Amino acid sequence: MNDNIRKAADVIRRSQHMISLTGAGISTESGIPDFRSTGGLWEKYDPSIYASIETFHHNPEKVWQMIFDMLELTSGAVPNPGHRALARLEAMGLLKAIITQNIDNLHQEAGSERVIEYHGNASRLECLACGREYEVAGFPVQEKVPPRCGDCGKILKPSVVFFGEMIPHEALSRSQLLAEQADVVMVVGTSAVVYPAAGIPIVAKRNGAAIIEFNVSETDFTRSITDIFIQGKAGETLPVLLDQLAE
Ligand code: NAD
């Protein structure tokens, strides 16, 4: 592992425009399980039903059963050394932006400033009828009553992208541009199966970028587009990389 981290540090030192694509794996060490693993949220709730915008339109109370569980997982979580290492790389001028598939706000809480929320953010709520936005912290969601819009009384939806919804236009276009400009992409803790997010490193690779992948196990990328695979927990490998770069 350390050899590969040294190689990665060399590539990063020479880079001009490095970006990172992160997924649920970077937050598992903060106590938020990736939804796909045993014991994850998708074992209890079929995502094609519970995370679908169509179900939300017809039966928002049903979808809120899953959202209450999701908020219980994300609300007490704090950033771990992996999130903090990426924030530090940005502060050092080495990381231009993070494109995250996560909805847990932990990159921002760790101090990262240029974060593109590809799938939204569970700390915000929106009214699908009038468009008004709210902070989830303003509602007693622990009481398990779906929050309603103060203006029109409709049940609010978390500002996360459900199946059947579009990726926010700005996130999509900014990510596409970053992918085309990138010379290095750090792919951290994603199974790389959810598109269009998984397409970002592929576009970058086609434009000549080096792909450095951090994961506990191999993914579809590892033997296809990845140049350097750093196996291990991101909360352990990213701080080691940071130490190498600080030397
Ligand atoms: P995923 O669950 O499909 O894959 C997680 C990946 O992280 C796996 O490849 C796993 O091997 C790896 N991993 C697990 N622990 C790790 C660790 N400590 N260090 C490094 N790698 C580790 O996640 P995904 O690819 O992000 O797709 C899931 C979708 O579900 C996302 O689109 C996201 O919106 C949503 N989601 C978000 C959160 C969150 O906000 N924290 C959590 C679960 C799911």
Side-chain angles (χ1 to χ4, degrees), residues 1 4-5 8 20-48 50-53 66-67 69-86 98-110 112 115-124 136 158-168 171-172 175 186-202 212-224 226 229-241:
M1 166 182 109
N4 279 0
I5 291 184
S20 178
L21 172 71
T22 66
I26 195 168
S27 293
T28 54
E29 291 161 83
S30 293
I32 306 173
D34 49 25
F35 295 169
R36 259 172 257 279
S37 304
T38 323
L41 219 53
W42 297 153
E43 213 171 60
K44 188 166 166 195
Y45 301 104
D46 179 346
S48 66
Y50 281 86
S52 130
I53 189 63
M66 175 199 71
I67 300 168
D69 279 9
M70 186 186 78
L71 291 177
E72 221 162 74
L73 290 172
T74 54
S75 64
V78 293
N80 67 56
H83 297 105
R84 288 200 294 273
L86 289 186
I98 295 173
I99 302 163
T100 189
Q101 301 166 82
N102 296 342
I103 53 171
D104 56 26
N105 207 43
L106 292 183
H107 285 303
Q108 293 87 333
E109 288 172 36
S112 290
V115 182
I116 297 176
E117 296 169 340
Y118 211 76
H119 292 157
N121 189 319
S123 66
R124 297 190 301 268
V136 76
S159 300
V160 302
V161 177
F162 279 36
F163 290 111
E165 284 190 297
M166 306 284 281
I167 305 295
L172 202 60
S175 303
M186 295 171 66
V187 179
V188 186
T190 174
S191 56
V193 294
V194 180
Y195 281 81
I200 291 164
I202 298 173
I212 307 174
E213 187 181 16
F214 300 77
N215 203 305
V216 286
S217 46
E218 292 193 0
T219 68
D220 286 354
F221 280 170
T222 314
R223 287 167 197 275
S224 55
T226 294
F229 180 57
I230 296 173
Q231 187 159 21
K233 293 182 177 177
E236 294 170 2
T237 54
L238 289 173
V240 177
L241 172 73

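Atoms within a ligand are numbered from 1 in the order they appear, just like the ligands themselves. The structure displayed is predicted, hence computed values, not measured ones.
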Residue Gly23 vicinity, atoms of ligand 1 by number, heavy atom under 4.0 Å: 26 (O)

Exam field: side chain Asn4 to backbone Phe229, donor-acceptor pair closer than 3.5 Å: yes

Geometric N/O contact Ile103 with ligand 1, under 3.5 angstrom: yes

Test item: Glu236 side-chain N/O and Lys233 main-chain N/O as donor-acceptor pair under 3.5 Å: no

Ligand 1 atoms in contact with Gly232 (distance to a heavy atom under 4.0 Å): 19 (N), 20 (C)

Whether Trp42 and Phe163 hold their rings parallel, tilted or perpendicular, with breakpoints at 30° and 60°: tilted

Backbone of Gly235 reached by a side-chain donor or acceptor of Glu29 within 3.5 Å: yes

Polar proximity ligand 1 side, Ile32 side, N/O cut 3.5 Å exclusive: no

Worked verdict on Ser123 versus Asn105 for side chain to side chain donor-acceptor pair (under 3.5 Å): CA-CA 7 Å; Ser123 66; Asn105 207 43; 4.5 Å; no

Identity of the nearest option to atom 39 (C) of ligand 1, non-hydrogen atoms only, from Asn215, Asp104, Asn121: Asp104

Sub-4.0 Å heavy-atom approach of Gly82 to ligand 1: no

Selected option - heavy-atom contact closest to atom 25 (O) of ligand 1, from Thr190, Ile26, Asp220: Thr190

For Gly189, atoms of ligand 1 separated by under 4.0 Å from a heavy atom: 5 (C), 6 (C), 7 (O), 21 (N)

Asp104 and Thr74 side chains, donor-acceptor separation under 3.5 Å: no

Min N/O separation Lys233 to ligand 1 under 3.5 Å: no

Trp42-ligand 1 polar pair, N/O distance under 3.5 Å: no

Those atoms of ligand 1 less than 4.0 Å from some heavy atom in Thr28: 15 (N), 16 (C), 17 (C), 18 (N)

Heavy-atom nearest option to atom 32 (O) of ligand 1, drawn from Glu29, His119, Glu236: His119

Ligand 1 contacted by Ser217 (non-hydrogen, < 4.0 Å): yes

Any N/O pair Ala24/ligand 1 closer than 3.5 Å: yes

